[in-house]
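Take a look at the structure below.
This is a predicted model, so every value here is computed, not measured. In each ligand, atom 1 is the first atom listed, and ligand 1 is the first ligand listed.
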Amino acid sequence: MSLSIMERIAGGTVLGAEGYVFELERRGYVKAGPFVPEVVLDFPDAVAELHREFLRAGAEVMVALTYYAHREKLRDVGREGDLEAMNRQAVRIARQVAREGNGDNALVAGNVCNTWAYDPDDPASKQTVRDSYAEQLGWAVEEGIDFVISETNDYLGEALIAVEVIGSLGLPAMVTLAPTQPDRTRDGYEYAEACRILEAEGAQIVGLNCDRGPATMLPLITGIREAVDCAVAIQPVPYRTDAAAPTMQALRSAAGERAFPIALEPFGCTRFELASFALQARELGVDYVGICCGAGPHHVRAMAEALGREVPAGKYSPSMELHPMFRSDISAKDAAFLHTWSA
Ligand SMILES: [Zn+2]
């Protein structure tokens, strides 16, 4: 019997892991641009494998890959007819891998996100979003989820629709905002104020995900931690954003070209930077620490180990003392060889 998400949070920091769309795009299973998770139906084993890699690295939550698996997006790629099958299958795959956890199974999170259909000035768009979330999550509940993550929300108004739909299903809601702007949502609420409202409307976990790297997301989470009493979540992208380019969308190559979304590699964080981030987030009182677009299992394992976890993939964690050149009892011949690497 697994502990619920709120029981786990009561017991300490929960480690999450996302970034499925970016990683499966790199592996050749998702088309960059539309970023619709057709892979769920076309290559289910690829999705299961990535879930498994995150699980082995220490992730405690398997997030169903239904990001962008909603009616508007599927219409863009001509797969509207696959909507229900894609949503159901995504939960089934997450559930199957969650059960492979060692003794204490991982949790399964249903997932809804920014729809691009929401317009704060168009009341009809609210119903479109509500219907979209209700049908996606209705299927997810039937397949078996433990809670719901509503993420990458640009608008507080859209996030509140998610809170309402998730609440009507009787499930805990983790709702995170996409901090693409300096200090407030697209509909004009400061991030901390928006999170306070989300809490008041029934979200159990609030916070930020995507767009910003650890360096530019952590300062924003401090204000959120102070503003709310409920649990707080943070899931940055593993990219080196800074004051000049606070989001991954703002990062530019040396030639001035936009790096987002498929030329971000030069800005990638090392596993050590993510390990340090996980510790800083815990120190700030964040309850759910994860990672978003760009994440790899090596980041997640480093975060897990920094948080003091022993994880299955730890069997293969680095042992540089066994490297032929970096070992302490290096021979004179190899010391000369090593010297040429540094010359
Ligand atoms: Zn993301």
- request: Can you label the angle between the Phe43 ring and the Tyr29 ring as parallel, tilted or perpendicular, going by 30° and 60°?
  value: tilted
statement: Taken to the nearest 0.5 Å, the spacing of Glu80 CD from Met86 CE works out to 11.5 Å
field: Validation row, ring centre His51 to ring centre Tyr20 under 6.0 Å
entry: yes
message: Counting the benzene-type ring for Trp, do Tyr68 and Phe35 have ring centres under 6.0 Å apart?
response: no
statement: At a cut-off of 2.8 Å, protein N/O/S around the Zn ion (ligand 1) gives Cys210 SG, Cys292 SG, Cys293 SG
message: Please list all pairs meeting ring pair (Phe, Tyr, Trp, His ring centres under 6.0 Å) that have one or both residues in residues 254-296, counting only residues at least two apart or in different chains.
response: none
- prompt: Do the side chain of Thr66 and the main chain of Asn111 share a donor and acceptor less than 3.5 angstrom apart?
  reply: yes
